[in-house]
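I have placed the structure first, in the form of structure tokens, so that the comments after it can refer back to it.
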Amino acid sequence: MPAEETLIPYDRMKAQFDRELSSHTMSIPSGEMADVPRVSFEKGSTLISFKIPQLNETTLYGCTVVIKKHIENIRISTYGDGHYAFQALNRNMFKTENMLENIKFEFFSLINSRVEISKKGNLTQEELNTAIEIYKNCYSGHGENPVLKLKKLGASLISPENGPGWDYIAGYEEVKRNIRESIILPLKNPDIYDAIARMTRKTFESNRPRAILFEGPPGVGKTTIARLIAGEVNIPLVYVPIESIMSKWFGQSSQNLAAIFESCEEMGGAILFLDEIDSLAGSRDQNMFEATRRILSVLLRKLDGIDAATNSITIGATNRKNDLDHALISRFDQSIRFPLPNARERSSIFANYASQLSPEETTVLGEAADGMSGRNIKDFCEYAERRWARKVLIKKLEVTAPSLEYYSRAMKVWLEQSAD
């Protein structure tokens, strides 16, 4: 038998197992101590069992990766309904004799989450290494600061006190009013909303919004409005770009998204902003990759399911609402439309970025900028300022702010370049 397949006597195996785990359990904060595994050898079989804090998708996926790393041939024997089992196959997969005596890994989550690892006879070193890594994986991050976990997952945590004021968004008065009435008032006055729900419902459930969809073209202020809401209600904003979720590894993208939701709940609640949500969960009416289907499944459960996030509010942003799955759209309590700014609103936006101009002059620019979003106007003003700065430097002019005439000429050039 090759060296790596040498069986370890039970006493030596247990001593190594206890030694490897002792340093790991010491790193877990007091009050969140890991469960001491039960290691036994009875009736000719090895059994290792231990409780774990929780069996979520992230934990299960991590354990699956561990098993695949150490065990050459493995099959899923049970998957679902709170019981997940992985059975090692024989080295020759075509021979099934005594296969059920090989090592087996079982995960349970219906009542108390736990892991059971069993095998007829003693373990090999590779099998023991697998059991040790599974235990560590189940407790990795247990007690870890959820803010650090979010950063590891690629999400950005924006403190509410660092956000802009409402006057940063020019115009959009109807959108602002809608947001104040449908989101901010419930978040700032939860007791009143809950009291009314208790008066009207046979079985109490919250009437406060848990998920809002922001729809509209790019550059109309959807992300900025989310920051304004966080600042108004003094709740952290967790910004989740697509690239922080998507992974080339099968199943990892949905695991990342589930872990982000769970970290927000561990923080005690947050505003979770999912940008370009249409790229995460398109319609099932179209050809959908399995990875996208799994992400959609996580979203449906977390927004309104048995393990839904209860302390956080989710804001999804899209400029392609029609591409979203109908079931996902139904999970949002409300959809708020962000249109392109009209001429009056464009004039107000110009007043933010070209404050040296008079109201009459910003009105002229607002009318000339038909079809431009707030971000377009900001980008254009920065472009005009850079061109003006070069002119001042080259011609050694006195440093002044650009005039209306200069903005008008620069806009023609900028629009031509944008059209190319």
Side-chain angles (χ1 to χ4, degrees), residues 1-56 58-91 93 95-143:
M1 182 178 292
E4 65 269 20
E5 290 295 315
T6 301
L7 299 176
I8 307 173
Y10 170 74
D11 291 343
R12 203 172 76 201
M13 181 274 296
K14 187 176 186 305
Q16 182 181 344
F17 189 79
D18 292 342
R19 184 173 63 253
E20 290 286 340
L21 266 56
S22 62
S23 60
H24 179 74
T25 54
M26 288 177 62
S27 66
I28 297 177
S30 59
E32 300 182 4
M33 189 57 64
D35 182 67
V36 178
R38 177 176 174 266
V39 183
S40 63
F41 189 84
E42 302 174 1
K43 298 181 180 180
S45 297
T46 300
L47 175 65
I48 301 174
S49 63
F50 49 88
K51 294 180 181 178
I52 59 176
Q54 60 179 337
L55 183 62
N56 53 36
T58 304
T59 303
L60 185 61
Y61 177 80
C63 291
T64 305
V65 172
V66 170
I67 294 170
K68 283 295 294 178
K69 182 174 73 172
H70 291 282
I71 308 300
E72 183 177 3
N73 300 322
I74 197 84
R75 73 178 176 89
I76 299 173
S77 57
T78 306
Y79 201 93
D81 296 329
H83 181 206
Y84 309 89
F86 302 85
Q87 174 70 59
L89 306 176
N90 294 326
R91 174 163 291 185
M93 292 189 297
K95 293 185 177 181
T96 59
E97 184 180 2
N98 300 324
M99 184 186 71
L100 296 181
E101 296 181 359
N102 296 335
I103 193 166
K104 186 175 184 180
F105 306 90
E106 295 183 88
F107 303 83
F108 302 88
S109 64
L110 281 179
I111 303 176
N112 294 320
S113 297
R114 71 185 193 279
V115 177
E116 291 186 1
I117 302 170
S118 59
K119 181 192 175 186
K120 184 74 172 179
N122 293 315
L123 304 185
T124 66
Q125 184 63 57
E126 199 69 12
E127 291 168 341
L128 176 58
N129 293 342
T130 309
I132 292 170
E133 284 196 38
I134 285 176
Y135 181 89
K136 292 181 177 180
N137 177 75
C138 289
Y139 281 94
S140 65
H142 185 50

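Everything numeric in this text was worked out from a predicted model, so none of it was measured.
Distance check: S118 OG to E42 CD gives 12.0 Å after rounding to the nearest 0.5 Å. Put simply, CD1 on I71 and OG1 on T124 are 6.5 Å apart, with the number rounded to the nearest 0.5 Å. Atoms CD1 and CD1, on I52 and I134 in that order, are 10.0 Å from each other to the nearest 0.5 Å. One distance of note links CD1 of I48 with CG of L128; it measures 6.5 Å at 0.5 Å rounding. Between atom CD1 of residue I76 and atom OG1 of residue T64 there is a gap of 7.0 Å, rounded to the nearest 0.5 Å. The CD atom of Q16 lies 9.5 Å from the CE atom of M13; values are rounded to the nearest 0.5 Å.
For the pair N122 and L7, the tightest heavy-atom approach, listed with the atom from each and the gap, is O-CD2, 3.5 Å. Closest approach of A88 and N102 over heavy atoms only: O-ND2, 3.2 Å.
Side-chain contact of N90 with N73: a donor-acceptor pair under 3.5 Å is absent, judged by distance alone. Side chain to side chain, E133 and N129 fail the donor-acceptor criterion of an N or O pair below 3.5 Å.
Between F17 and P37, the closest side-chain pair of non-hydrogen atoms falls below 4.5 Å. The closest side-chain heavy-atom distance from N137 to T59 is below 4.5 Å. No side-chain heavy atom of T78 sits under 4.5 Å from any side-chain heavy atom of F86. Side-chain contact between C138 and C63 is present, with at least one heavy-atom pair separated by less than 4.5 Å.
Taking the six-membered ring where the residue is Trp, the centroids of Y79 and Y84 are separated by under 6.0 Å.
Judged by distance alone, with hydrogens and angles left aside, the side-chain atoms of T130 form a donor-acceptor pair with the main-chain N or O of E126 at under 3.5 Å.
Within the structure, every pair that satisfies the salt bridge (Lys or Arg N to Asp or Glu O under 4.0 Å) test and touches residues 103-117, not counting sequence neighbours, is listed here: R114-E116.
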Do L47 and I117 pass the side-chain contact (heavy atoms from CB on, under 4.5 Å) test, and can you show the C-alpha distance, the side-chain angles, and the key distance before you say yes or no?
CA-CA 6 Å; L47 175 65; I117 302 170; over 6 Å; no

Walk me through it: do Y10 and L123 pass the test side-chain contact (heavy atoms from CB on, under 4.5 Å)?
CA-CA 8 Å; Y10 170 74; L123 304 185; over 6 Å; no

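Salt bridge status for K119 with E101: absent, with no side-chain N to carboxylate O gap under 4.0 Å.
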